[in-house]
Amino acid sequence: MRIGILGTGNMADALGTQWAGAGHQILFAGRSPDRARALARRTGGAAGTFEEAVTFGSAVLLALPHDVARDTLTALGAGNATLRERVLIDCTNAVGPGFVLTTEGGPGAARALADATGARVVKAFNHLPDSVWRLTPPAFADGPLSVPLCGDDADALDTVAALVRDLGCVPLTVGGLDRAAYLEATTAFLIGLWHSGHDPRTLLPPFEAATA
Ligand SMILES: NC(=O)c1ccc[n+]([C@@H]2O[C@H](COP(=O)([O-])OP(=O)(O)OC[C@H]3O[C@@H](n4cnc5c(N)ncnc54)[C@H](OP(=O)(O)O)[C@@H]3O)[C@@H](O)[C@H]2O)c1
């Protein structure tokens, strides 16, 4: 698959490196052409502009700060014809100081991106840090990680599910974009716990106990 990656930071590096290793063609784009070229050299991919990444990839990973992602896509032209055909993977977390959602009271980050661009947005990979996505595979004592996906387009969900499997993880479609805001809020909650030194896993009973 051809994947355009918007961003040259931690998430671009973590996921781009994994997908390049799985045989996908990657084009990295960022405001620093040098960083994009360095990632391209290391992974055997290509580098270009944001516009070229959107044209290149049938799937496009948004690995920018949330507000930057929205503005970057809007600058390409709201309702851009190419963008509307793309599977847009939204891994952004619109989380501000105090681990508060900056979308609070709004439609949620993924929904807002879909509304602004018309793209087939799938929320994915936002709930865990890049250090986990860099593991090959991201698996622990309980086995491979499940990766929650939210999206309204069945083909787009299938595309991202395949990319999840390429990491060695298990895709778990948990709903449409209306559920993405819950995933975003859950992630803000998790980040707050981790930063306070608490292990969220201690909050959860075994599945059987919760569903008895
Ligand atoms: N890191 C994680 O553990 C993690 C996990 C899940 C989700 N996320 C989400 O993934 C997204 C990317 O996170 P990250 O950790 O990869 O961030 P990062 O390492 O800071 O990289 C951010 C990227 O965005 C670019 N950027 C920043 N401000 C920009 C601007 N005003 N205009 C254009 N480009 C700009 C940076 O360019 P420069 O290199 O030139 O600064 C860099 O390429 C965020 O939305 C974050 O919430 C992160």
Side-chain angles (χ1 to χ4, degrees), residues 1-30 36 39-40 43-66 68-70 72-74 76-77 79-93 109-128 130 133-134 137-138 145-177 180 183:
M1 189 187 308
R2 287 156 68 111
I3 304 170
I5 297 189
L6 310 189
T8 54
N10 289 309
M11 288 296 277
D13 184 355
L15 292 171
T17 301
Q18 295 278 21
W19 289 329
H24 297 293
Q25 295 172 262
I26 315 289
L27 191 151
F28 294 94
L39 274 176
T43 59
T49 64
F50 290 129
E51 192 150 22
E52 285 166 343
V54 167
T55 305
F56 175 85
S58 52
V60 175
L61 173 71
L62 275 174
L64 297 166
H66 174 70
V68 174
R70 190 192 51 218
T72 300
L73 293 173
T74 309
L76 298 178
N80 176 296
T82 309
L83 204 46
R84 277 204 304 274
E85 293 167 8
R86 296 295 178 252
V87 175
L88 203 55
I89 307 169
D90 173 24
C91 74
T92 68
N93 282 314
R111 175 85 268 164
L113 286 168
D115 290 346
T117 61
R120 296 180 293 153
V121 174
V122 175
K123 189 87 198 183
F125 306 112
N126 67 305
H127 82 298
L128 292 176
D130 64 279
W133 302 126
R134 289 176 198 272
L145 284 175
S146 295
V147 179
L149 309 180
C150 294
D152 291 338
D153 184 287
D155 289 340
L157 284 165
D158 284 348
T159 298
V160 182
L163 292 174
V164 168
R165 285 190 203 94
D166 287 339
L167 297 181
C169 296
V170 178
L172 184 66
T173 298
V174 292
L177 277 186
L183 182 51

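Across every non-hydrogen atom of Ala29 and Ala53, the tightest pair is CB-CB, 3.8 Å. Taking both residues in full, the closest heavy atoms of Ala124 and Leu149 are given as CB-CD2, 3.5 Å, listed atom of the first, atom of the second, then distance. Across every non-hydrogen atom of Ala47 and Ala40, the tightest pair is N-CB, 3.9 Å.
Taking 4.5 Å as the limit, some side-chain heavy atom of Thr92 sits within range of a side-chain heavy atom of Lys123. Looking at Ser146 and Val170, their side chains come closer than 4.5 Å, going by heavy atoms from C-beta outward. A heavy-atom distance below 4.5 Å is not found between the side chains of Phe125 and Cys169.
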Test log, rule side-chain contact (heavy atoms from CB on, under 4.5 Å), inputs Arg70 and Leu113
CA-CA 6 Å; Arg70 190 192 51 218; Leu113 286 168; 4.0 Å; yes

Test Thr82 against Leu76 for side-chain contact (heavy atoms from CB on, under 4.5 Å), laying out the working first.
CA-CA 10 Å; Thr82 309; Leu76 298 178; over 6 Å; no

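Interatomic distance, CE of Met11 versus CD1 of Ile89, reported as 10.5 Å (0.5 Å rounding). With rounding to the nearest 0.5 angstrom, the CZ atom of Arg84 is 12.0 Å from the CZ atom of Arg120. Rounding to the nearest 0.5 Å gives a distance of 8.5 Å between CG of Asn93 and CG of Leu183. To the nearest 0.5 Å, the span separating OG1 on Thr117 from CG on Leu73 amounts to 6.0 Å. Ile5 contributes atom CD1, which lies 12.5 Å from atom CZ of Phe50 (distance to the nearest 0.5 angstrom). Rounding to the nearest 0.5 Å gives a distance of 6.0 Å between CG of Leu15 and CG of Leu167.
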Solution key, residues 55-62 side-chain donor-acceptor pairs under 3.5 Å, sequence neighbours excluded:
from  : atom 1 : to    : atom 2 : distance (Å)
Thr55 : OG1    : Glu51 : O      : 2.9
Ser58 : OG     : Arg2  : O      : 3.4

Cut-off 3.5 Å, no hydrogens considered: what does the side-chain donor-acceptor table look like for residues 155-166, sequence neighbours left out?
from   : atom 1 : to     : atom 2 : distance (Å)
Thr159 : OG1    : Asp155 : O      : 3.1
Asp166 : OD2    : His24  : NE2    : 2.6

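Of the possible polar contacts, none joining the Trp133 side chain to the Pro138 backbone as a donor-acceptor pair under 3.5 Å is found.
For Asp152, the side chain to side chain contact (heavy atoms under 4.5 Å, CB included) criterion is met by Arg111, Leu177, not counting sequence neighbours. A search for side chain to side chain contact (heavy atoms under 4.5 Å, CB included) contacts involving Pro137 returns Ala139, not counting sequence neighbours. Residues meeting the side chain to side chain contact (heavy atoms under 4.5 Å, CB included) test with Ala20, sequence neighbours left out: Ile26, Thr43.
Within the structure, every pair that satisfies the side-chain hydrogen bond (donor to acceptor under 3.5 Å, both in side chains) test and touches residues 3-13, not counting sequence neighbours, is listed here: Asn10-Arg134, Asp13-Thr17, Asp13-Arg42, Asp13-Arg134.
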